[in-house]
Amino acid sequence: MESDASGGKVWYEDTVAIVTGANKGIGYSLVKRFAELGLSVVLTARDKSKGSKAMDSLKELGLERNVYFCQLDISDSASIRSFAFWFQSRFDGFDILVNNAAVCYNPMGENSIDHAKTVINTNYYGSKLFTEAMLPFLRHSASTSRILNISSRLGTLDKLKNAKVKALLGDKETLSEERIDMVLSVFLQDVKEGRWKTQGWPEIWTDYSVSKLALNAYSQVLARRYDGVVSVNCFCPGFTQTSMTDGKGNHSADDAAEMAATIALLQPKALTTGKFYAGSTTRGDTVAIVTGANKGIGYALVKRFAELGLSVVLTARDESKGSKAMDSLKELALDHNVHLCQLDISNSASILSFVSWFRSRFDGFDILVETFCAFKAKKGKEVCGLATVEASCCKQHFYPSLY
Ligand SMILES: NC(=O)c1ccc[n+]([C@@H]2O[C@H](COP(=O)([O-])OP(=O)(O)OC[C@H]3O[C@@H](n4cnc5c(N)ncnc54)[C@H](OP(=O)(O)O)[C@@H]3O)[C@@H](O)[C@H]2O)c1
């Protein structure tokens with residue numbers, strides 16, 4: 001059971017999560033993870049027999065107790081209506097919706113737009129229609145109501161070369177569903193008239209990327225609509241071994257689901273909205289060392305890295321202060337991949353002992369953040385705020401915000 005900083009429970013058995021497209025891949029792994037964490041989960045699948053098979057697998061793992069199955073094809077409004085009816089007759093509301101279901105008809109390395117309409121209708125309009133149909137049943141709580149849209153880095157704004165479309169979708173204050181519809185109809189018209197390659201649309205898996213671009217933009221609209229009431233974020237799992245990638249990828253569906261669960265279940269204190277989280281392709285293998293991390297920027301950065309699933313070494317010159325920081329991370333359920341080691345960077349013996357401790361546990365690190373720079377910034381010698389540190393150290397690993 002997850003608990004909040006005061007030790008109170010946040011996720012109960014009556015916390016209800018719905019996951020779309022959950023008969024296999026990341027969706028299935030996410031249902032499994034939620035079930036392991038003690039939530040009640042609705043596993044949905046468009047194919048009834050595939051959904052039943054997924055339920056059988058959960059049974060074999062002893063995880064089916066609080067998992068409920070219902071057929072749902074997000075591209076079919078009748079199926080959405082019948083799901084809503086089924087849901088209403090069994091539950092008095094839900095807390096978490098993960099829009100995971102998606103299609104992509106391109107094998108790796110190919111870029112056909114033969115199924116553009118289906119891809120847009122499923123990945124964007126399907127997820128949107130399902131969300132809108134279920135919103136009346138979403139329990140409104142600033143701390144526990146969440147929508148997580150499983151998206152893709154392929155659909156971030158930087159993949160667009162079309163300046164007009166970029167400007168239309170990039171202004172998050174004026175972004176609207178109508179504007180997203182307009183962009184999509186321009187795209188589908190470009191497809192129909194055979195000029196989609198020259199109009200500055202994303203170059204990899206173009207139709208899929210445009211569908212995710214729309215999903216990201218819709219997430220911004222929703223985040224604004226429900227600001228302070230429901231947290232709405234996007235998450236890109238990174239290159240994951242599922243049928244969508246012909247089994248290729250840098251990590252398993254279980255790994256991707258663990259990252260997604262971390263984002264979906266952020267502690268109320270750490271809760272965000274309107275963000276785009278991207279899983280690192282190497283995630284748990286990515287090791288970050290943060291010096292002077294028992295408080296302030298260093299501590300905040302360790303927390304952020306841990307939320308994103310990196311392995312982090314928290315260092316502090318005073319071991320007892322470091323232990324206290326570890327206790328705080330424990331209360332936030334973020335201590336899983338955080339390791340404490342005493343380190344006084346002004347003391348060479350301490351540095352040598354840190355190096356020997358590090359060598360005995362890790363085969364290398366990827367990110368080193370010296371918060372000493374931040375200290376110097378205070379003295380006016382060097383400007384190195386948290387944002388700068390995030391940008392310079394972690395750009396390849398995650399994007400704190402889409403816009
Ligand atoms: N794998 C990656 O590298 C990667 C990277 C970035 C983002 N993502 C995103 O991660 C999410 C999960 O993908 P995955 O990799 O786990 O792919 P996957 O194994 O192909 O799973 C996709 C799931 O969506 C379901 N689905 C498709 N159309 C549906 C519809 N109309 N209604 C309901 N369910 C439908 C599929 O059902 P069927 O079995 O019936 O087809 C399947 O359960 C997707 O949103 C994808 O875009 C994946």
Side-chain angles (χ1 to χ4, degrees), residues 18-33 42-55 57 69-80 82-83 97-109 115 117-131 133 147-156 159 202 204-205 207-216 218-219 234-261 263-264 276-281 283 398-399:
I18 303 172
V19 184
T20 67
N23 53 290
K24 66 179 179 184
I26 297 165
Y28 170 74
S29 292
L30 190 53
V31 168
K32 200 168 68 170
R33 185 78 190 120
V42 181
L43 181 159
T44 76
R46 61 176 163 178
D47 180 318
K48 214 167 179 170
S49 71
K50 288 184 187 171
S52 299
K53 272 196 188 146
M55 288 296 287
S57 307
F69 169 61
C70 185
Q71 189 275 344
L72 170 69
D73 181 339
I74 59 162
S75 65
D76 175 358
S77 53
S79 171
I80 291 179
S82 112
F83 177 87
L97 167 60
V98 181
N99 283 309
N100 167 79
V103 285
C104 174
Y105 292 90
N106 276 303
M108 302 287 296
H115 300 276
K117 226 171 173 173
T118 307
V119 170
I120 300 289
N121 281 341
T122 306
N123 301 2
Y124 174 60
Y125 285 112
S127 297
K128 180 186 160 186
L129 282 179
F130 182 59
T131 302
I147 296 175
L148 186 65
N149 291 323
I150 307 297
S151 190
S152 168
R153 267 177 278 227
L154 294 176
T156 51
K159 305 295 183 303
I204 300 171
W205 285 2
D207 51 8
Y208 172 86
S209 300
V210 171
S211 74
K212 296 296 189 181
L213 190 68
L215 186 65
N216 295 342
Y218 173 61
S219 306
C234 287
F235 170 67
C236 169
F239 189 30
T240 309
Q241 295 144 1
T242 67
S243 53
M244 192 171 279
T245 58
D246 304 325
K248 297 187 180 70
N250 294 325
H251 48 244
S252 69
D254 281 357
D255 286 337
E258 201 185 317
M259 291 187 264
I263 305 298
F276 182 94
Y277 292 91
S280 157
T281 49
R283 203 192 49 107
F398 70 88
Y399 301 83

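Counting from 1, the numbers follow the sequence of the chain as shown. Both backbone and side-chain heavy atoms feed into the values below; hydrogens, waters and symmetry mates do not. Order of appearance sets the numbers: ligands from 1, and atoms from 1 within every ligand. Please read all numbers here as calculations on a predicted model, not as lab measurements.
Counting all heavy atoms, side chain and backbone alike, Ser75 lies closest to Thr122 at CB-OG1, 3.9 Å.
Evaluation of the side chain to side chain contact (heavy atoms under 4.5 Å, CB included) rule for Asn121 yields Lys117, Tyr125 as partners, not counting sequence neighbours. Partners of Ser252 under the side chain to side chain contact (heavy atoms under 4.5 Å, CB included) rule, at least two apart in sequence or in another chain, are Gln241, Asp254, Asp255.
In this structure a side-chain-to-backbone donor-acceptor pair under 3.5 Å is present from Thr245 to Thr240. Judged by distance alone, with hydrogens and angles left aside, the side-chain atoms of Asn123 form no donor-acceptor pair with the main-chain N or O of Tyr208 at under 3.5 Å.
The residues lining ligand 1, counting any heavy atom closer than 4.0 Å, are Gly21, Asn23, Lys24, Gly25, Ile26, Arg46, Lys50, Leu72, Asp73, Ile74, Ser75, Asn100, Ala101, Ala102, Val103, Thr122, Ile150, Ser151, Tyr208, Lys212, Pro237, Gly238, Phe239, Thr240, Thr242, Ser243, Met244, Thr245.
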For residues 19-28, run the donor-acceptor check on the side chains, cut-off 3.5 Å, and write out each pair with its distance to 0.1 Å, sequence neighbours left out.
from, atom 1, to, atom 2, distance (Å)
Thr20, OG1, Asn100, N, 2.8
Thr20, OG1, Ala101, N, 2.9
Lys24, NZ, Ser243, OG, 3.1

